Structures are given as C-alpha cells and as structure tokens.
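The structure under discussion appears below in the form of structure tokens.
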Amino acid sequence: MKILVVGGSAGGLIAAIMLGRAGHEVVVLERERLEPAADVEAAAAEAFRATAPQLAQPHVVLALCRQLMSERLPDVYRAMLDAGVVEASLASQMPASLPDRSARPGDERLTLLMTRRATIDWVLRRAAAVEPGVTLRGGERVVGLRAVPGDPPRVVGVRTERAELTADLVLDASGRRSALDRWLDELGARRSTTAVAECGLAYYSRQYRVRPGGVLPGPTTTRTVVPLDQFVIGLWGGDNDTMQLGLVPLAVDRRFRPARDPDVFTSALRTVPYYAAWLDGLEPITDVAVMGGLHNTLRRLVVDGRPVVLGLHVIGDSLCTTNPTFGRGLSMIMRNVSDLVEILDEHADDPLLQTHAVDRAIAENIEPWFADQAVGDAELLARLRHTVLGDPAPRPAPSGVDRITFAELRKASPVDPVAFRGYFTVMGMLGRRPEDVYRDARVIAAVRGALAEMDGAPPMAQPTAEELLAALSPGGGR
Ligand SMILES: Cc1cc2nc3c(=O)[nH]c(=O)nc-3n(C[C@H](O)[C@H](O)[C@H](O)COP(=O)(O)OP(=O)(O)OC[C@H]3O[C@@H](n4cnc5c(N)ncnc54)[C@H](O)[C@@H]3O)c2cc1C
C-alpha cells in the first residue's frame, strides 16, 4: 500500500517505521524540518516547535510504550538506550515509605523509560531516515485532502502547499491542532466527533543536569508527580544525567504567570521541601518552558455507526490527548499503530471493513484510558478549584463496596505493596484496564487497609497560600 503520513513527530515516525517494515511504501510529510540534529544535546536545544510545543516539556515513557517498543521495534529500542535513555525498574520508583520493597512476579513488565522527549524523537528520526520503504519530506505542509466523491468520500491523497500527492491511505498524525475537520468540510464529508473532557492545567517546566559531585535525594530514574492542595508538582528522570522539573497549576491560576521567570520558578519549586532537596543537586540547562491549552480529547471517524470518510485514519494526538502529567501519549501511539499494522494486514483491500476494525480497536484499547482520565481529572480539578478559586467543595467520588477510585489508589500506593503495583498497572497502561484494577478484590482490600492506617498522616509538606504567593511574586520573594 502507498501511505501518506501527515506529521513527522512521534506518531508519524513510529507509524512510518512500523508500516514500512510491514511492507508498505510510506511518505512522511512534515511542515517543519526533519533532519536529525548532530547529537542528543543539539536535538534538545532545538526541540521546541511552535506546532508541537510539548516537545520541550517533561516526558516519561510508560510501561506499555516500553514493552511494545522493545517487542516490535527492538533495534529502535536499543538505539534509545544507546542514546542515553534509561530503563527505570519498578524498584527504582519505590518510595522509602513502602514497607515491603521485595520484588514480585510481573514487576519487570512495569519498567519505565526516563528521557527527555527530544532524545526519543532524535532516535526515531534517525531510524526512519534509514528505513527502506520510508521517505521523509520535511518543509512540506499539508493543506487539504484529495478524495473521490461518495457517501462517504474516499480519500486518495493530500494537497500540500506545492503539490498534489496520491496514496491508497492517508494517516493524520498532525497532532492536537489537526485541521482534519476543516479538510473534511472541504470534501463535503461529515465531521468527525470529538469527545472533550476538561484537563484545565498549564505546564511550567525546566530541564536540569546533575551537578558534578551533586548529591541527590534519590536515583536519577525517579519520577514523582504529586497533586498538592494548590497545584501539581513533578520531577521526571531524563537521559544522560538530565532531570526535568515542573509546576502544573490550574491554567486559570494567574498567580503562576510570573513562573516563566527562572528565578520565580525556582522559588516556587523551593516551597516544597522534597523538590528543594533535588534542586540542590542539579543545575539548570534550559529556560522555563510554558504550555497551556491542554485538553482530554478523543476523536472518532465512525459517527452513528457510519464512517465519515474512507482511506484515512487518525493517530497520535489527532486521535486522543489526555492529561500530560499521566504521560500516556506515546503509549497510546504505540498501541494504536500496532493495532493499525495488524488491521491493514487483514483488511488492506476493504477500506470499509478497515475503518470499522480501527474504530473497534480504538474503543477497546484507547477509549478506556480516555474515560479514566476524564473521571480522574474532574476530581482533581474540582479539588484544585475549591482550594485555589474558592469553588464549592467537591463531593467525594463514589467509591462503592466493590470499587475504589483512582485517587484512593494513588494515595495508598506509597505505603502498600499491592496498592503500589495496582497504581503502576493503571499508570503503565499495561495488561489491565483501569476499571479492572479499581474492582480487583485484592487491590480494594489493600487500599482500604492502607487508607485506614494512614488516616491523619500528614501529606507531603507544601506551602500555604501566602508562602506560595510570596514565592511567585516578581523576583521570587527575595
Ligand atoms: C506538556 C505535555 C507533556 C507530555 N508528557 C508526556 C509524557 O510524559 N509521556 C508521553 O507519552 N506523552 C506525553 N505527552 C503527550 C505527547 O507529547 C504526545 O502524545 C505526542 O507528542 C503526540 O505525537 P503526535 O506525533 O501525535 O503529535 P505532535 O507531537 O503534536 O506532532 C504533530 C506534528 O505534525 C506536524 N504538522 C502539523 N500540521 C501539519 C500539516 N498540516 N502538514 C504537515 N505537518 C504538520 C507538526 O509540525 C508536528 O511535528 C505530553 C504532552 C504535553 C502537552
């Protein structure tokens, strides 16, 4: 099959490599440049793109992505490790508060990867560039689709600013700001439907390198993302002795606007002693990167049981975006593209069957995670809005006899080994759906027991509203 991929970030490149290896002829059309930088540090320095600003923000690779990558693209996986990406065992994520830290069967599957996002894309660009059957065309902006009219229309290619290109299949990997619905309008097709659930957060983050001789409170593979009373705060391990730190407040919380200033950002991080201790062993290597406009979205091309178009599928953020602090994007890409490769193998000649099969795979493997995120974010946002904006206190989420909530699981995970693994199973997106974990009798008993014992235990030390405001004032409260 001749396949045109719109967008050459993680989604487009992973799809190109996997589809190229499955015997397809793939052309990636990316509006920005696609040549890999000279090395990973040069890649990090030029990571920011206005079309995909998240490339400069903290990333982690969850267990699902790691597993699929190591199974389906072992040479690319190896190249990531060679580039400095670090495998982070489940043991490396265990906090000191966990009483039983012994290994259990299945722990190895929950291994994560610690890396800056730029390093992943650097490896993917290099792998795609040498992949037989894959052509990378940078500086090529797609402006519309070409289609044979019908109900639904059948896509047969794309229009770029310079040319009209023909294909058997088009993949939209153009990210969260995809113009797909406008392109469908131009064809006279029905629009896709997009479910939207509020995420409501903004990212202020910075990258660091371990200071020579610097003493850190834990291994550089640590990832600790904690929802505090007034904001979410996070630390992510990185490749090549780097680490990533971030403040993630409500997007409407204007107090954080000065945090784009590095001094203010540092002062705000220092209000939380756990993170201040990390800062002492690190030196910054970037400015503060800021990103808002985050949403949970899930697009479907089968609407009311009928495809809106044939010969086109969506992957990556054009298909689904979720709260970035959970780090699900790359895992969804690996899952979705792996499914797509198998579906194309089975239904190459029947675009209708193909489209329905893709939609079923999305319902099975993507939608449960989107739904889980929507519920979790509604709880988190209600709580933050209550403390920050004075909105009414949220009603506790229904936690029936036969079910716990994600918030309960997260709270119990640092002190109970079963809850800890349940939490990392949900976070790793591996093996079981979130709902199956929340309804697992063993997990329920462990979480309930842990929460009863924790009753009254102080949460992580954090600033009062006055302390935070002082740290966020221009000059960082100095
Ligand atoms: C703050 C933040 C933190 C995140 N953290 C994590 C994390 O820890 N772990 C994780 O797995 N995921 C994370 N994600 C999600 C992850 O970044 C995305 O899922 C991923 O980048 C999606 O890749 P993509 O290829 O679909 O889209 P994008 O990366 O957005 O790339 C789209 C590409 O398409 C190109 N393009 C757009 N329009 C056109 C056009 N018309 N013609 C040609 N090219 C076009 C753009 O230039 C761009 O290169 C995070 C996201 C955010 C916002």
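Order of appearance sets the numbers: ligands from 1, and atoms from 1 within every ligand. Because the structure is a prediction, the values reported are computed rather than measured.
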TODO: Evaluate side chain to side chain contact (heavy atoms under 4.5 Å, CB included) for R206 paired with Q244, printing each intermediate quantity in order.
DONE: CA-CA 6 Å; R206 204 173 185 196; Q244 317 168 80; over 6 Å; no
If you count the atoms of ligand 1 from 1 in the order shown, which ones are under 4.0 Å from a heavy atom of [X]?
X	answer
E32	47 (O)
T51	46 (C), 47 (O)
R49	47 (O), 48 (C), 49 (O)
A173	32 (C), 33 (C), 34 (O)
L29	43 (C), 44 (N)
A10	25 (O)
G316	26 (O)
P58	3 (C), 4 (C), 5 (N), 8 (O)

Open item on the list: If we only consider heavy atoms of I14, is any one of them less than 4.0 Å away from an atom in ligand 1?
Closed with: no
If you have a sec, work out which protein heavy atom is nearest [atom] and how many Å separate them, to one decimal?
atom	result
atom 27 (O) of ligand 1	G175 CA, 3.6 Å
atom 11 (O) of ligand 1	L330 N, 2.7 Å
atom 14 (N) of ligand 1	H59 NE2, 3.4 Å
atom 20 (C) of ligand 1	R117 NH1, 3.5 Å
atom 9 (N) of ligand 1	V60 O, 2.8 Å
atom 31 (O) of ligand 1	S9 CB, 3.0 Å
atom 10 (C) of ligand 1	G327 O, 3.4 Å
atom 42 (N) of ligand 1	V142 N, 3.0 Å

Would you mind finding which of [options] brings a heavy atom closest to [atom]?
atom	options	answer
atom 35 (C) of ligand 1	M332, R31, Q57, E30	E30
atom 32 (C) of ligand 1	G7, A15, A52, S174	S174
atom 28 (P) of ligand 1	R33, Q54, R176	Q54

I need the [X] [atom1] to [Y] [atom2] distance, nearest 0.5 Å.
X	Y	atom1	atom2	answer
F424	D107	CZ	CG	10.5 Å
L55	M291	CG	CE	8.5 Å
L340	L169	CG	CG	7.0 Å
R116	W236	CZ	CH2	15.5 Å

TODO: List the steps and the verdict of salt bridge (Lys or Arg N to Asp or Glu O under 4.0 Å) for R137 and E30.
DONE: CA-CA 6 Å; R137 286 169 59 168; E30 165 59 52; over 6 Å; no
Open item on the list: Can you see whether W122 has R126 sitting over its ring - NZ or CZ less than 6.0 Å from the centre and within 45° of the normal?
Closed with: yes
Task: Polar atom proximity, R141 to ligand 1 (N or O, under 3.5 Å) - done: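 The answer is no, given that R141 and ligand 1 share no N or O pair closer than 3.5 Å.
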TODO: Please determine if G11 has a nitrogen or oxygen closer than 3.5 Å to a nitrogen or oxygen of ligand 1.
DONE: yes
Open item on the list: Assess the residue pair E140 and T160 against the criterion (side chain to side chain donor-acceptor pair (under 3.5 Å)); give the C-alpha distance rounded to whole Å, side-chain angles, the decisive distance to 0.1 Å, and a yes or no.
Closed with: CA-CA 7 Å; E140 196 83 73; T160 72; 3.2 Å; yes
Open item on the list: Atom NE2 of residue position H295 - does it have more than 12 heavy atoms of other residues, nucleotides or ligands inside 6.0 Å?
Closed with: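 12 or below, so no.
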Open item on the list: Are more than 12 heavy atoms, taken from residues, nucleotides or ligands other than R257, located less than 6.0 Å from that residue's CZ atom?
Closed with: yes
Open item on the list: side chain to side chain donor-acceptor pair (under 3.5 Å) for S89 and T111? Distances and angles first, verdict last.
Closed with: CA-CA 5 Å; S89 65; T111 299; over 6 Å; no
Task: ligand 1 contact on V61 by region, counting heavy-atom pairs under 4.0 Å - done: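 Within the 4.0 Å criterion, V61 makes no contact with ligand 1.
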- [ ] Mind running side chain to side chain donor-acceptor pair (under 3.5 Å) on Q354 and H313 for me, showing each step along the way?
- [x] CA-CA 9 Å; Q354 203 186 90; H313 305 300; 2.8 Å; yes
Task: Pair N365-D339, side chain to side chain donor-acceptor pair (under 3.5 Å): steps then yes or no - done: CA-CA 9 Å; N365 292 329; D339 289 344; 2.8 Å; yes
Task: Minimal non-hydrogen separation, L269 against G246, with atom names - done: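 Looking at all heavy atoms of both residues, the closest pair is CD2-O, 4.3 Å.
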